[in-house]
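In this chain, residues are counted from 1 in sequence order.
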Amino acid sequence: NRKSKTIPNVLNLMGSNLVDKLVALPKVFDVLLDGVSDIQKPLLEKAVVEAYHRKGISEDNEKSWKKRAPILSDVLKELQRAQKRTKNQSSITEYEVLISKLSRYTDGIFKFINQSGKDINLDADFIVFEFREMTEEIRPVMMLILLEFVKTKFNLDTKKKMLILDEAWRMLKNKNEADYVEGFARTFRKRNGSLILVTQSVAELKNSP
């Protein structure tokens, strides 16, 4: 629920590869921001990289990957800094759109997502994450945050594992979310993981590309 102190930070590396994380994050922000245009993508990606660098985390320094990662409000600050620096009116407008969308998770009604998040112990044989108390609007976003956390955590080993995503139709009815699930499945397989989708809405599965 929104009072939880263990909501994962989507930017957290947990000791994993920063380069891989930077490659994965565009799909994450596509879902978080309900779509990012081709013009906005490089602006957002640069802000994300700068947020990591400001925390002393860089692509060519593996030791730095263990440092505390930035959170969404750090990315927002980088977008705001970049907007102030640019003289291009078109870019200023694009930054404004990104800032407006992201601020929902830093200053708006969903600001509870903007946290470093205490580590979640995944050593148990069976773990359940419950989303019952989440509203319909934020539930797919929370499912995405959890999937990104699980992927990052499980990418560190090749042990056999299985992830069962109940009510999967919630993430398949939106193209950005469905694209993320597909990419997740491909990555998870490479790490000896299986993804099972459970749904009461067969039509959503049938109609999803």
Task: Approximate separation, where rounding is to 0.5 Å, of F110 CZ and I138 CD1 - done: 4.5 Å

TODO: Would you confirm whether S100, through its side chain, and V97, through its main-chain N or O, come within 3.5 Å as a donor-acceptor pair?
DONE: no

Task: Non-hydrogen atoms of P8 and F149 that approach each other most closely - done: CB-CB, 3.6 Å

Task: Reported CG-to-CD1 distance for the pair L32 and I113, which is rounded to 0.5 angstrom - done: 7.0 Å

TODO: Report the distance from atom OG of S64 to atom NZ of K55, rounding to the nearest 0.5 Å.
DONE: 13.5 Å

- [ ] Would you check if K67 and L13 make a side-chain contact, meaning some heavy-atom pair closer than 4.5 Å?
- [x] no

Open item on the list: Looking at R68, I'd like to know if its CZ atom is crowded, meaning that more than 12 non-hydrogen atoms belonging to other residues, nucleotides or ligands lie closer than 6.0 Å.
Closed with: no

Open item on the list: So L102 and F29, do their side chains get closer than 4.5 Å, heavy atoms only?
Closed with: yes

TODO: Count the heavy atoms belonging to other residues, nucleotides or ligands that lie under 6.0 Å from NZ of K77, then report whether that count exceeds 12.
DONE: no

TODO: Give a yes-or-no answer on whether the side chains of N114 and S73 include a donor-acceptor pair shorter than 3.5 Å.
DONE: yes

- [ ] Look at the side chain of Y180 and the backbone N and O of K175, then say whether any donor-acceptor pair between them is shorter than 3.5 Å.
- [x] no

Open item on the list: Please check: side-chain N/O of S103 versus main-chain N/O of I99, any donor-acceptor pairing under 3.5 Å?
Closed with: yes

Task: Reported CG-to-CG distance for the pair L146 and L165, which is rounded to 0.5 angstrom - done: 8.5 Å

Open item on the list: Quiz question: by atom type and distance under 3.5 Å, do the side chains of Y95 and Q40 form a donor-acceptor pair?
Closed with: no

Task: Between CG on residue L43 and CG on residue L79, distance to nearest 0.5 Å - done: 8.0 Å

Open item on the list: To check you understand the geometry: which heavy-atom pair defines the closest contact between V75 and A47, and what is its length?
Closed with: O-CB, 4.2 Å

Task: Smallest separation among heavy atoms of H53 and S58, with atom names - done: CD2-CA, 4.1 Å

Task: Salt-bridge contact K21-E148 (side-chain N to carboxylate O under 4.0 Å) - done: yes

- [ ] Mark yes or no for whether S91, through its side chain, and K87, through its backbone, hold a donor-acceptor pair below 3.5 Å.
- [x] no

Task: Remaining members of hydrophobic cluster (4.5 Å side-chain criterion), W169 - done: none

Open item on the list: Do I164 and V198 make a side-chain contact, defined as non-hydrogen atoms from C-beta onward lying under 4.5 Å apart?
Closed with: yes

Open item on the list: Tell me which one of Q83, K101, Q80 satisfies side chain to side chain donor-acceptor pair (under 3.5 Å) with E96.
Closed with: Q83

Task: Electrostatic pair E182:R186 at N-O distance under 4.0 angstrom - done: yes

TODO: State, to 0.1 Å, how close K151 and F184 come at their nearest heavy-atom pair, and which atoms those are.
DONE: CB-CE1, 3.5 Å

TODO: Say whether, by atom type as modelled, one donor and one acceptor occur between the side chain of D179 and the main chain of K27 under 3.5 angstrom.
DONE: no

Task: Nearest-0.5 Å distance that lies between atom CG in D74 and atom CG in L11 - done: 8.0 Å

